[in-house]
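Start at 1 with the first residue, then count along the sequence. Computation of the quantities below employed the complete heavy-atom set of this structure, encompassing side-chain atoms and omitting hydrogens, waters and symmetry-equivalent molecules.
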Amino acid sequence: MRNKSVAVLDIRSSKICAAIAERGVNNTFIIKSKYSQPYEGYAEREILDVDDFVAAVKKAVGAISSSAETPVKEIYVGVPCEFIETVQTDKVLSFHSAQRISRKHLVSIKNNSVPAVAPDETVIKCGALYYILSDKRRLANPLGMVSDSLRAKLSFFVCKNAFTDTVIRALRGFPSIKVFHWIPQNYAQSLYLFEPENRDAYTLLLDLGFISSTFNVVRGDGVAFSEAFSVGIGHIAVLLMEALDIPYTVAAEWIKKVNLNAKEGGNASVEVTADGKQYAYQASALRELVREGLDGLCGMLETCLQAFTLKDMTGAPIYITGEGVGVIRGTTEHLSSRLVTPMEVISPKVPYYDKPQFSSLFSLLYAALGGNEAQ
């Protein structure tokens with residue numbers, strides 16, 4: 001494979017996407033090969049069906065490998081936040097006299113900040129929230145500054161070995177793949193979706209998934225707070241299935257037809273045909289059930305906001321992205337109203353892929369191609 005091309009494996013809670021791409025002009029990407037495969041997903045820090053997961057990874061990677069110009073030798077894997085713990089550290093490096101901050105100082109303080117982890121865990125990435133000089137200046141990048149001390153607030157991303165081991169096992173059938181790069185999804189999304197000036201202050205990001213979602217507080221090149229919870233848009237379909245005693249496939253189609261902003265009268269109905277049978281239900285009643293399900297998500301977000309204590313984020317906008325955005329029309333407006341918080345959808349700025357469902361894939365590509373010195 002040519003040096004400027006990368007192979008990535010984007011693992012979401014509803015599907016797995018493998019792609020080979022290279023950088024285009026004006027921060028775009030040239031997708032040379034892409035393949036997506038649905039699977040059972042993950043929840044509560046566990047892959048729901050390991051054999052199904054392994055088969056999906058093999059199929060996705062096999063599809064892009066068959067069309068690659070040369071054998072894939074290394075792959076960048078996006079690690080879902082269900083399998084990551086984000087640990088913040090606070091260390092000070094003191095000098096005998098004022099010095100100009102160099103890269104070796106940043107490496108030194110990073111090496112002295114690495115947290116102790118359990119035997120079944122590995123630190124896979126580090127990002128700086130900010131640095132503080134002796135004159136109390138707080139900077140995202142202190143290189144070249146003069147100071148007699150350097151304080152670093154860093155975030156380390158700690159991954160469960162069981163997850164990486166399972167991915168490696170799934171790819172044993174591809175002997176050319178020798179190198180694995182593990183990229184935390186929230187780390188990659190933070191650097192790609194937000195400009196550096198937006199990350200100078202704490203910024204809130206909700207990655208709304210199908211089975212699993214993640215709430216993040218972004219700062220600098222790191223993540224100050226992250227909480228993954230096994231609630232997503234797919235759970236709304238489960239709620240309808242159980243409440244109305246209908247097949248899941250019908251519920252999944254119904255949520256795509258619901259519009260929470262609609263004003264139609266009480267007699268309007270939503271209809272779906274499945275397995276030769278027609279299902280119909282009152283639209284207004286469906287909207288209420290969907291709102292009930294979304295209120296559970298709001299409760300999780302309120303808990304996360306309360307758990308982040310470094311700064312009061314009341315009223316701060318929440319940026320929302322992920323595969324769950326747009327499935328149910330009016331979701332963002334309902335969450336904003338329920339939380340009394342402005343919410344804004346954020347997506348890749350890439351032609352044809354400027355939808356929130358592609359945020360994790362293009363964030364991973366951005367990191368793999370060395371965006372923002374992510375490597």
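The nearest pair of heavy atoms linking Leu204 to Pro317 is CB-O, 3.7 Å. Closest of all the heavy-atom pairs between Arg338 and Cys298 is CG-SG, 3.2 Å. In this structure, Ser230 and Glu44 approach most closely via the heavy-atom pair OG-N, 2.6 Å. Looking at every heavy atom in both residues, Gly232 comes nearest to Leu208 through CA-CD1, 4.4 Å. Lys4 approaches Leu369 most closely through the heavy-atom pair O-CD2, 3.5 Å. Shown here for Ser359 and Gln189, the closest heavy-atom pair between the two residues is C-NE2, 4.2 Å.
Proximity of Phe156 to Val117: side-chain heavy atoms (C-beta onward) are nowhere separated by under 4.5 Å. Proximity of Thr321 to Phe358: side-chain heavy atoms (C-beta onward) are nowhere separated by under 4.5 Å. The shortest side-chain heavy-atom distance between Leu260 and Ile328 falls under the 4.5 Å cut-off. Counting only heavy atoms from C-beta outward, the side chains of Glu40 and Asp51 never approach each other to under 4.5 Å. Side-chain atoms of Lys256 and Val327, non-hydrogen and from C-beta on, do get closer than 4.5 Å to each other. Side-chain contact check for Tyr187 versus Gln185: every heavy-atom pair is 4.5 Å or farther apart. Val8 is listed as a side-chain neighbour of Leu361, based on a closest heavy-atom distance under 4.5 Å. Side chains of Phe225 and Leu310 form no contact here, defined as non-hydrogen atoms less than 4.5 Å apart.
A donor and an acceptor atom, one from each side chain of Thr214 and Asn186, are nowhere located under 3.5 Å apart. Side-chain contact, Ser226 with Asn216: a donor N or O sits under 3.5 Å from an acceptor N or O. A donor-acceptor pair shorter than 3.5 Å cannot be found between the side chains of Ser149 and Ser134. Between the side chains of His334 and Thr331, no donor-acceptor pair of N or O atoms lies under 3.5 Å. Remark: the Gln99 side chain and the Asp148 side chain contain no N/O donor-acceptor pair separated by less than 3.5 Å. Residues Asn161 and Asp120 have side chains that never bring a donor and an acceptor to within less than 3.5 angstrom of each other. Counted by atom type alone, Ser5 and Glu22 present one or more donor-acceptor pairs between their side chains at under 3.5 Å.
For Tyr42 and Phe163, the distance between ring centers is not under 6.0 angstrom. Side-chain rings of Phe210 and His235 stay apart, their centers remaining 6.0 Å or farther from each other. Between Phe215 and Phe229, the gap from one ring centroid to the other reaches at least 6.0 Å. When ring centroids are compared, Tyr76 and Phe180 stay outside the 6.0 Å threshold.
Here the OG atom belonging to Ser363 is positioned 8.5 Å from the CG atom belonging to Leu191, to the nearest 0.5 angstrom. In this structure, CD in Glu333 is found 11.0 Å from CG in Leu294, a value given to the nearest 0.5 Å. In this structure, Tyr131 OH and Lys153 NZ are separated by 13.0 Å, a value rounded to the nearest 0.5 Å. For the atom pair CD1 of Ile183 and CG of Leu364, the computed distance is 7.0 Å after rounding to the nearest 0.5 Å. The distance from the CG atom of Leu205 to the CD1 atom of Ile320 is 9.0 Å, given to the nearest 0.5 Å. Note: Cys304 SG to Met313 CE = 13.0 Å, rounded to the nearest 0.5 Å.
By the 4.0 Å N-to-carboxylate-O rule, Lys32 lies close enough to Glu69 to be salt-bridged with it. Salt bridge annotation for Asp90-Arg151: present, with a cationic side-chain nitrogen under 4.0 angstrom from a carboxylate oxygen. At a threshold of 4.0 Å, the pair Arg45-Glu85 does not count as salt-bridged, since none of the basic side-chain nitrogens sits closer than that to a carboxylate oxygen. Lys160 has a carboxylate O that lies under 4.0 Å from a charged side-chain N of Glu121, or vice versa, which qualifies the two as a salt bridge. Asp200 has no carboxylate O lying under 4.0 Å from a charged side-chain N of Arg138, or vice versa, which leaves the two without a salt bridge. Taking a cutoff of 4.0 Å between a charged side-chain nitrogen and a carboxylate oxygen, Arg137 and Asp135 qualify as a salt bridge.
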Criterion side-chain contact (heavy atoms from CB on, under 4.5 Å) on Leu335 and Ser337, from CA distance to verdict = CA-CA 5 Å; Leu335 295 179; Ser337 175; over 6 Å; no
request  = Any chance you could lay out the side-chain contact (heavy atoms from CB on, under 4.5 Å) test for Thr166 and Val50, step after step, and finish with the verdict?
outcome  = CA-CA 8 Å; Thr166 303; Val50 173; 4.0 Å; yes
key: Candidate pair Lys125 and Cys159, rule side-chain contact (heavy atoms from CB on, under 4.5 Å), full reasoning   = CA-CA 9 Å; Lys125 188 63 69 175; Cys159 180; over 6 Å; no
request  = Check the pair Arg329 / Ile255 against side-chain contact (heavy atoms from CB on, under 4.5 Å), numbers first and verdict last.
outcome  = CA-CA 9 Å; Arg329 286 172 290 176; Ile255 65 172; over 6 Å; no
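At distances below 3.5 Å, not a single donor-acceptor pair connects side-chain atoms of Thr273 with backbone N or O atoms of Gln278. For the pair Lys178 (side chain) and Pro175 (backbone), a donor-acceptor distance under 3.5 Å is present. Put simply, the side chain of Arg219 never gets that close to the backbone of Tyr130: no donor and acceptor are under 3.5 Å apart. Using a distance-only test at 3.5 Å, with no hydrogens or angles considered, a donor-acceptor pair links the side chain of Ser155 to the main chain of Val223. Side chain of Ser336 to main chain of Thr332: no donor-acceptor pair is present (N/O by atom type, distance under 3.5 Å, no hydrogens or angles). Listed for the Ser113 side chain is no donor-acceptor partner under 3.5 Å among the backbone atoms of Lys91. Remark: side-chain polar atoms of Thr203 are paired, donor with acceptor, to backbone N or O of Ala201 under 3.5 angstrom.
Residues Leu143 and Phe95 share a hydrophobic cluster, clusters being chains of Ile/Leu/Val/Met/Phe/Trp/Tyr side chains in contact below 4.5 Å. Val114 and Ile124 fall into different hydrophobic clusters, where Ile, Leu, Val, Met, Phe, Trp and Tyr residues are linked whenever their side-chain heavy atoms come under 4.5 Å apart, directly or through other members. No continuous path of hydrophobic side-chain contacts links Leu239 to Val250 [ILVMFWY only; heavy atoms under 4.5 Å]. Note on Ile84 and Ile211: separate hydrophobic clusters, where clusters join Ile, Leu, Val, Met, Phe, Trp and Tyr whose side-chain heavy atoms are under 4.5 Å apart, directly or indirectly. A chain of hydrophobic side-chain contacts below 4.5 Å, direct or via other Ile, Leu, Val, Met, Phe, Trp or Tyr residues, connects Val57 to Val72.
Remark: Asn261 CG is packed, more than 12 non-hydrogen atoms of other residues, nucleotides or ligands lying under 6.0 Å away.
Taking the ring axis of Phe194 as reference, the NZ or CZ atom of Arg199 does not stay both within 45° of it and closer than 6.0 Å to the ring centre.
For Phe29, the ring-ring contact (aromatic ring centres under 6.0 Å, His included) test picks out Phe362, with sequence neighbours left out.
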